[in-house]
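See structure below.
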Amino acid sequence: MQDVSETEANVILGAGPAGLQLAYYFKKFGLPYIILERDASAGSFFRRYPRHRKLLSINKTNVAHASRDYRMRHDWNSLLEDADGRFPDFSSDYFPPADALVDYLADFARRHDLAIRYNCNVSHIERAPGARGFTLRTDQGAALSARRLVVATGLSLPYAPSFEGAELVEGYEDMSVRPEDFAGLNVLIIGKGNSALETANALLGSAARIHLISPRPIRFAWDTHHAGNVRSINNAFFDSYLLKSLNGVIDAEIEWIRRRADGRLAVRFMSIHASDDSETLVYDRVLRCAGFAFDPAIFAADCRPVLTCGGRLPDISGDWASRNVPNLYFAGALMQALDYKRSQSSFIHGFRYNIRSLATLLAVRAGAISMPQDEAPAEAEALAGAILSRLEVTDSLWQQVGFLCDVIVRPACGAARTPWYRDLNPFFIEEGGVAAMGHDDVYAVMLGYGPRTGTAFDHPHLYPPSADPRVFGDQSTEIHPVVRRYRQGQLEWEFHLRSEFLSQWNNPAQRGELRDFLSRDLADGGPGAIVQSDRARQHAQ
């Protein structure tokens, strides 16, 4: 077992998917590390959650494509590794059971012989003497030291709205999951996310009436492109509601809950859609399924990270470091503040790429490796083809659409090749991370979505519908290539290609559009359609 008291040691808290993924890359890059895990096995969170034991993460086992990266677009559970082991070896279900993920994570830790100290619960973290690192104290009384700390514990604190009578509510974390326990009862569920819908669907056949309540209206993943919003697998409840089969959805704030003399619960709520519109309804049981938040309680005041996103998440910079505590980093679902509810950093299929990037940056700073880079051709035609070839098969930029990007240094005059760095993010560029690597003038290559009018299944794919996509590509509603130019960390322009049904953009027409655009920029003649969104807005007005 590695000695975590070494000055340069890296301590990872948590042996869930994030901690295991980070440890895999630390080991690959030759960085000393230890994982501290409070339970007796890896992936312990998934032994309990989700409570009804079905994952929402897609497990597409058959993809007719030779590229491993392309296959990983549709494998939302596997961690990144050089070997061939993948989650589909443990389940062929499209929406797999949670127990299969537990087995997979244990196998991953075992196959890669990751350094994990189990049954080690860290109960207090404070600044080390001299403020050069951290001292971690465990329930067993041990004091461990670390120069760098990466917290990969996930969102472990149940999020509980505050109102009179909140103590009468049963939490998702300890409520019964036996449908027969709710037979014939009127049930109110606080929350409208996937945990609330998972619970409501489980009770459809047993409860007499089910209502969902929260102040925010329902948001569907097919509208937002965010996998954390309500997924189609959970939509049976809405079918019962919209066809007027007893169940209902309430957009309101709870004012109070009080127990009546007959033991039932009176719930007073105020509608968000009309002022002074209050109502009191009576339920047999009230369940809280409002999600989870980061729990900073183990940190002493001198090293407690500041929070953001309504107090749910640590506030982080573009390299996933705490904004107020040096040498404190976050991995896994705790990385999502940068793309909160916009991309997929709250899920394995998103944060696995963030973690690879984090591990790379930390290994470079420790002097263990040089910053990995490829070379891009400097000539516009070849550069356009290389960019579009990458975007047609990439898994990282596909899963982290609108967030992760490749950085290509703008070619110098007369150069034949130019550096190409993969899987960074715009915050890293804007906060000086790329400049610190010696580059002030770069292209950021990513995928993006444009705005949408109408419904997910009935909308124009370009706005205005008659627009020239070479000018209005940013209005292309579906996933499409985006190239941005940053100079000294500032966004100067962006160029969008229109979406394509099979996401195959490396065709003569679209490659030619990108080539022409890059040619104008490389010739210092101006890109022609500078910041297309501005021109599109002017046209719409």
Side-chain angles (χ1 to χ4, degrees), residues 16-18 21 45-46 49-61 63 70-80 87-88 91 93-98 100-101 104 154-155 159 172 191-201 214 216-238 289-293 309 312-313 331-355 394-404 423 425 446-449 452 455-457 477-479 503:
Q21 184 72 90
F45 178 87
F46 294 98
Y49 301 106
R51 294 298 310 280
H52 294 90
R53 312 307 294 146
K54 183 177 286 294
L55 299 175
L56 296 179
S57 45
I58 289 173
N59 180 40
K60 181 72 172 172
T61 58
V63 178
Y70 188 90
R71 294 198 302 273
M72 287 293 283
R73 288 183 176 186
H74 311 287
D75 175 354
W76 288 16
N77 300 283
S78 294
L79 299 179
L80 304 177
F87 177 81
S91 175
D93 292 348
Y94 189 71
F95 291 110
L101 184 58
Y104 166 73
L155 304 177
Y159 185 76
Y172 177 75
K192 298 197 193 96
N194 284 301
S195 61
L197 269 298
E198 160 205 334
T199 302
N201 286 329
S214 79
R216 293 185 178 181
I218 296 289
R219 296 204 296 175
F220 293 102
W222 59 55
D223 286 324
T224 65
H225 304 295
H226 174 55
N229 292 136
V230 175
R231 304 285 300 285
S232 60
I233 189 177
N234 280 329
N235 280 343
F237 176 83
F238 297 114
C289 303
F292 293 83
C309 300
R312 289 186 181 233
L313 294 166
L334 298 179
M335 292 172 139
Q336 64 180 294
L338 296 181
D339 62 324
Y340 186 54
K341 295 188 177 182
R342 292 183 293 109
S343 198
Q344 316 306 331
S345 292
S346 52
F347 303 95
I348 292 174
H349 66 281
F351 67 60
R352 60 193 179 191
Y353 305 105
N354 299 353
I355 290 172
T394 174
D395 52 336
S396 56
L397 306 187
W398 178 274
Q399 296 288 20
Q400 291 291 64
V401 59
F403 179 56
L404 287 187
D423 298 343
N425 67 72
M446 63 198 321
L447 292 167
Y449 288 103
R452 177 193 291 162
T455 70
F457 300 104
T477 58
E478 303 308 319
I479 194 168
S503 300

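As a basis for the values below, the full set of heavy atoms in this structure was taken, side chains included, without hydrogen atoms, waters or symmetry mates.
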Practice problem: Determine, stepwise, if the pair I479 / W398 fulfils side chain to side chain contact (heavy atoms under 4.5 Å, CB included). | Solution: CA-CA 9 Å; I479 194 168; W398 178 274; 3.8 Å; yes

Practice problem: Mind running side-chain hydrogen bond (donor to acceptor under 3.5 Å, both in side chains) on N234 and N194 for me, showing each step along the way? | Solution: CA-CA 7 Å; N234 280 329; N194 284 301; 3.0 Å; yes

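Taken to the nearest 0.5 Å, the CD atom of Q336 stands 4.5 Å off from the CG atom of L313. Atom-to-atom distance recorded for K60:NZ and R73:CZ is 14.5 Å, nearest 0.5 angstrom. Between the CG atom in L55 and the CD1 atom in I348 there is a gap of 8.0 Å [rounded to 0.5 Å]. In this structure, the separation between CZ on F351 and CG on D339 is 12.0 Å, given to the nearest 0.5 Å. Put simply, CG on L447 and CD on E478 are 12.5 Å apart, with the number rounded to the nearest 0.5 Å. Note that the NE2 atom of H225 and the CD atom of Q344 stand 10.5 Å from one another [nearest 0.5 Å].
In plain terms, the two heavy atoms of P50 and A98 that are nearest each other are CD-CB, 4.0 Å. Nearest approach of R352 to L80, heavy atoms of both residues: O-CD1, 3.5 Å. Nearest approach of P88 to D75, heavy atoms of both residues: CD-OD2, 3.5 Å. Contact between R231 and I58 at its shortest, heavy atoms only, is NH2-CG1, 4.0 Å. Taking all atoms of both residues into account, the shortest heavy-atom contact from L197 to K192 is CD2-O, 3.6 Å. Of all heavy-atom pairs spanning M446 and L404, the tightest one is CB-O, 3.5 Å.
Between Y353 and H349, the distance from one ring center to the other does not fall under 6.0 angstrom.
No side-chain heavy atom of N201 sits under 4.5 Å from any side-chain heavy atom of K54. The shortest side-chain heavy-atom distance between Y104 and N77 does not fall under the 4.5 Å cut-off. When side chains are defined from C-beta on, Q400 does not count as touching N425, because their heavy atoms never get closer than 4.5 Å. Side-chain contact between I355 and M335: present, with at least one pair of heavy atoms (C-beta onward) separated by less than 4.5 Å. Using a 4.5 Å heavy-atom threshold, the side chains of P96 and L101 count as separate. D423 has its side chain within reach of L397: a pair of non-hydrogen atoms, C-beta onward, lies under 4.5 Å apart. Residues F45 and P17 have side chains not in contact (no heavy-atom distance under 4.5 Å, counting atoms from C-beta outward). T199 has its side chain out of reach of R51: every pair of non-hydrogen atoms, C-beta onward, lies at least 4.5 Å apart.
Applying the salt bridge (Lys or Arg N to Asp or Glu O under 4.0 Å) test to R53 and every residue at least two apart in sequence or in another chain returns D99. H226 is linked by a side-chain hydrogen bond (donor to acceptor under 3.5 Å, both in side chains) to nothing, counting only residues two or more places apart in sequence or in another chain. The side-chain hydrogen bond (donor to acceptor under 3.5 Å, both in side chains) test applied to S346 returns no partner, not counting sequence neighbours. For S503, the side-chain hydrogen bond (donor to acceptor under 3.5 Å, both in side chains) criterion is met by no residue, not counting sequence neighbours. S91 meets the side-chain hydrogen bond (donor to acceptor under 3.5 Å, both in side chains) test with no other residue; sequence neighbours excluded. Looking at residues two or more places apart in sequence or on another chain, you find a side-chain contact (heavy atoms from CB on, under 4.5 Å) between N235 and F220, W222, V230, S232, F238.
In terms of modelled atom types and a separation under 3.5 Å, the side chain of S345 and the main chain of G350 share no donor-acceptor contact.
Between N59 and the choices F87, W76, Y94, the side-chain contact (heavy atoms from CB on, under 4.5 Å) rule is met once, by F87.
Ring orientation note: the planes of Y172 and F292 are nearly perpendicular, at an angle over 60° on the 30°/60° scale.
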